[in-house]
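Here the structure is laid out as structure tokens; the discussion comes afterwards.
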Amino acid sequence: MQDADSSQKLTTILQLAYSGERAAAYAYRGHWKSVSDTAERARIKQIEDEEWHHRKLVGEMLRSLDAHPGSLREIRALIIGRGLGLLCHVMGWLAPMYGAGRLESRNIVEYETAARYARDCGREDFVDCLLTMAEVEWDHENYFRSRVLLHPVGRRLSLWPVPPPKEAIRKSFEQEVEKSERAGSGILIATKR
Ligand SMILES: [Fe+2]
Ligand SMILES: [Fe+2]
């Protein structure tokens with residue numbers, strides 16, 4: 001069933017995600033350049049590349065919805081991303097790892113929510129890609145959490161809530177689909193009686 005409200009919400013959340021990926025990618029560019037450990041540099045560089053890839057995918061979804069990125073939001077994302085990237089060089093090691101982990105935990109939920117809006121407005125073709133991006137954000141959150149916990153001060157900080165297990169991203173989505181299908185067939189049986 002097509003749902004105009006969900007369609008609008010999907011466009012809005014994708015516009016937010018599109019610009020958010022830009023800010024994140026620029027921030028990670030500064031972040032990986034600011035760390036000295038070779039493995040950390042490589043992993044954060046890979047995360048930067050994954051954010052650019054997400055942005056490309058979300059851009060394609062927006063085009064297929066005949067929607068455009070928000071131009072003000074795009075400029076803001078550029079400024080914030082570049083600014084955070086520069087700050088990484090002066091904030092030390094822990095603060096950028098902490099900030100990134102906290103941000104990534106929100107990105108997981110953002111793509112899960114987008115997948116639900118896509119399902120509700122009949123864009124099932126977006127669902128798998130959106131859930132895959134939520135899973136990649138889960139990996140990002142997990143990486144930055146593991147970094148924070150390596151640090152003696154980080155271990156004493158109160159961290160953002162631990163996300164549910166990665167498998168729960170698809171499992172909870174599938175359970176909702178099954179539930180709504182059961183409810184739908186129940187209505188059908190009731191109306192046939
Ligand atoms: Fe991303
Ligand atoms: Fe991410």
Side-chain angles (χ1 to χ4, degrees), residues 9-35 37 39-65 67 69-70 73-74 76-88 91 93-118 123 126-150 154 159-170 173:
K9 284 178 176 168
L10 175 64
T11 301
T12 304
I13 204 167
L14 290 179
Q15 285 169 327
L16 281 170
Y18 184 77
S19 300
E21 294 290 3
R22 183 184 216 191
Y26 278 127
Y28 288 136
R29 185 171 295 175
H31 193 181
W32 70 258
K33 287 181 179 176
S34 77
V35 297
D37 181 90
E40 283 177 358
R41 278 175 80 91
R43 178 61 178 128
I44 302 169
K45 163 82 172 70
Q46 183 194 12
I47 291 173
E48 181 203 336
D49 294 344
E50 286 169 349
E51 307 302 17
W52 288 123
H53 180 56
H54 287 176
R55 181 168 154 92
K56 180 177 168 281
L57 295 172
V58 174
E60 285 165 6
M61 288 179 194
L62 282 173
R63 268 194 297 284
S64 119
L65 291 165
R73 208 167 271 147
E74 280 289 284
R76 205 166 57 194
L78 177 71
I79 295 167
I80 291 173
R82 292 280 199 189
L84 287 173
L86 284 173
L87 273 177
C88 288
M91 284 197 304
W93 183 90
L94 181 60
M97 294 291 185
Y98 183 96
R102 185 175 274 275
L103 199 90
E104 292 292 356
S105 74
R106 280 192 243 145
N107 294 343
I108 305 169
V109 178
E110 184 175 51
Y111 283 121
E112 286 184 291
T113 306
R116 284 168 173 82
Y117 291 150
R123 291 306 304 250
F126 289 175
V127 168
D128 182 61
C129 181
L130 288 166
L131 293 178
T132 302
M133 289 194 281
E135 288 167 339
V136 173
E137 305 297 5
W138 191 98
D139 291 336
H140 295 173
E141 188 278 342
N142 189 256
Y143 175 73
F144 290 115
R145 176 182 293 276
S146 75
R147 294 294 95 186
V148 170
L149 293 174
L150 278 181
L159 300 194
W160 57 95
V162 182
K166 190 173 172 181
E167 309 75 64
I169 293 172
R170 273 172 205 274
F173 192 88

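We count ligands from 1, going down the list as the structure has it; atoms in each ligand are counted the same way.
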Value for CD (Q46) from CG (D49), rounded to nearest 0.5 Å, stands at 7.5 Å
Starting at CG of L14, measure out to CD of E110 and round the result to the nearest 0.5 Å.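 Result: 8.5 Å between the selected atoms.
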[X] and [Y]: side chain donor to acceptor below 3.5 Å:
| X | Y | value |
| --- | --- | --- |
| R22 | Y18 | no |
| E104 | N107 | yes |
| H53 | E50 | no |

Using 30° and 60° as the class boundaries, would you call the ring planes of H31 and F144 parallel, tilted or perpendicular?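 Correct class here is parallel.
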Atoms of protein origin (N, O or S) under 2.8 Å from the Fe ion (ligand 2): E51 OE2, E104 OE1, E104 OE2, E137 OE1, H140 ND1
